[in-house]
Amino acid sequence: MAVSWVILVILVLNVVLVTSSPTPVNNYQVLAGHQVWRTEGEREAAAVMGRLEREGLVDVLGHGTVSAVRVFPESKDVVSASLRREGIKYQVVIPDLRSHFAEERRRVKKELLSSRQMETCLESDCPKPLTQRYMTFPEMEWYLHDLKARYSRVELKSIGKTFENRDIWMVHIKPTAARGTIKRDAIWIEGGIHAREWISEAVTLQLLDRLAADNTSLTRNIDIYSVPIVNPDGYEYSRTTNRMWRKNRSIDPSVRQDCPGVDLNRNWDEGYGVGASTNPCSDTYQGRNPFSELETRALKKEMERVSSTNNFRLVMAVHSYGQKLYYPWGYTREKAPYTAEMKSAGEAFAQAASVRGRGRRGTQYEVTSSSDLYLASGATDDWSKGALNVKYVYTLELPDEGFHGFALPPSHIKSASRDVWRGLKKLIPLAREK
Ligand code: 0X9
Ligand code: ZN
């Protein structure tokens, strides 16, 4: 009798888990035969890989720590010939990405089953962003609506629709003690511009939770704006169909239909074209022209509005992976205005966000120019600096350094969010100093 109860409980738990931890519809079948190769010789490899990526032959993983690439089944021979020609050594570290992710899913499911406290997220009640698994886009929307309902200082607005008709949500956390009519300081936090960087949305939502609840001088008289899920079409596609998807999902009828998607972080109009691809099949495709995409146009419009009504002090674009805090420029090796200030405030962030220790126990953030290893244009950071003259601009690459890469287990959500929150508490006041 007792045994059958145990079995029943396990079965029920399994049903709950299966329904509450959504699995991909086709087990990432599209990734069958895709491999991950690790190369040696950082700088030489970065240059060659950048070229191969622009040609649509490989997908560079973790831009900035360019030592791993995804090699498509049909381009293995030509990529290996190119590497041999250039004298670059490589190792196949993941021989088949589809089975790799199947294994990873089994592991996460096992971990969930053994965790005692179950997290839920319901349409009418999603009071905390989840930390035991990555949320679906509808769940994130439920959470944002809940956040607005719980805090009178929170406003939520759809600033546009995507190609697949999803909302692009912008959160505005208003000051609790606004004085007079003077121009207030504003900060902007962007999350999820790249589809596969799931930890970006997860951490950005956690930050919004903490910022909305904050009743200290940190947020008392500033306007905080955030678009935590810039690319919901890409996110959902990466969740359901291709875990390694990076771009959005738009189809341009004047370009080839079989290669959808634009790299939204190559589509802004600052240094447009440098280190980006004109090949629609490449993962770094820049789009037909600057701001060709609904998402970048929606963000541009709102950021311009903030820039005209506020003192725009800080822009932070949250990405993964690499544990780096980048400051502009990214499209040229020249120095951007206020480099020294960005560097020193960035160091304060990194010091507060870094945790000493090895492996899982330690996380070290490094502050560096985004053009340090490779040039790439058309990103949020450079446009904020160049077009809006925002003094403190960063791209944050969250954990890890490449062991899990984009497939960072959800067990890291809590620690990554905690670390970034510590860093942000140091950075915001520094960015507000005149
Ligand atoms: O390459 C990118 O878009 C970012 N790295 S990622 O691996 N998340 O794709 C870095 C962008 C840094 N900024 C510029 N190059 N402007
Ligand atoms: Zn990214």
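This is a predicted model, so every value here is computed, not measured. Counting starts at 1 for both ligands and their atoms, following the listed order.
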So, is the end of the K247 side chain (NZ or CZ) under 6.0 Å from the ring centre of Y285 and within 45° of the ring's axis?
no
Within 45 degrees of the axis of the six-membered ring of Y237 and under 6.0 Å from its centre: does R249 put its NZ or CZ there?
yes
Which one holds for S371 and ligand 1: side chain close, backbone close, both close, or neither close, with close meaning a heavy atom under 4.0 Å?
neither
Pick one of side chain, backbone, both or neither for how S370 approaches ligand 1, counting any non-hydrogen atom pair under 4.0 Å.
side chain
Heavy-atom donor-acceptor pair, Y321 side chain to H404 backbone, under 3.5 Å:
no
With no hydrogens and no angle check, is any side-chain donor or acceptor of R297 less than 3.5 Å from a backbone partner on S292?
yes
Taking the minimum heavy-atom distance to atom 1 (O) of ligand 1, which of W268, Y374, W329 ranks first?
Y374
Looking only at non-hydrogen atoms, which of T395, L398, V274, D381 approaches atom 16 (N) of ligand 1 most closely?
D381
Counting both backbone and side chain atoms, is some N or O of [X] under 3.5 Å from an N or O of ligand 1?
X    : result
A379 : no
Y326 : no
Y321 : no
E197 : yes

N265 heavy atoms, cut-off 4.0 Å: which ligand 1 atoms fall inside?
2 (C), 3 (O), 11 (C)
From F72 CZ over to L31 CG, what is the distance, rounded to the nearest 0.5 angstrom?
9.5 Å
Straight-line distance of L325 CG to L427 CG, nearest 0.5 Å:
7.5 Å
side-chain hydrogen bond (donor to acceptor under 3.5 Å, both in side chains) test vs E190 passes for just one of T380, T395, N265, namely T380
Which atom of H319 is nearest the Zn ion (ligand 2), counting N, O or S only? It is ND1
Tell me which N, O or S atom from H194 is the closest to the Zn ion (ligand 2).
ND1
Salt bridge check, D167 against K161: does any charged N sit closer than 4.0 Å to a carboxylate O?
yes
For a distance under 2.8 Å, tell me if E397 has an N/O/S atom near the Zn ion (ligand 2).
no
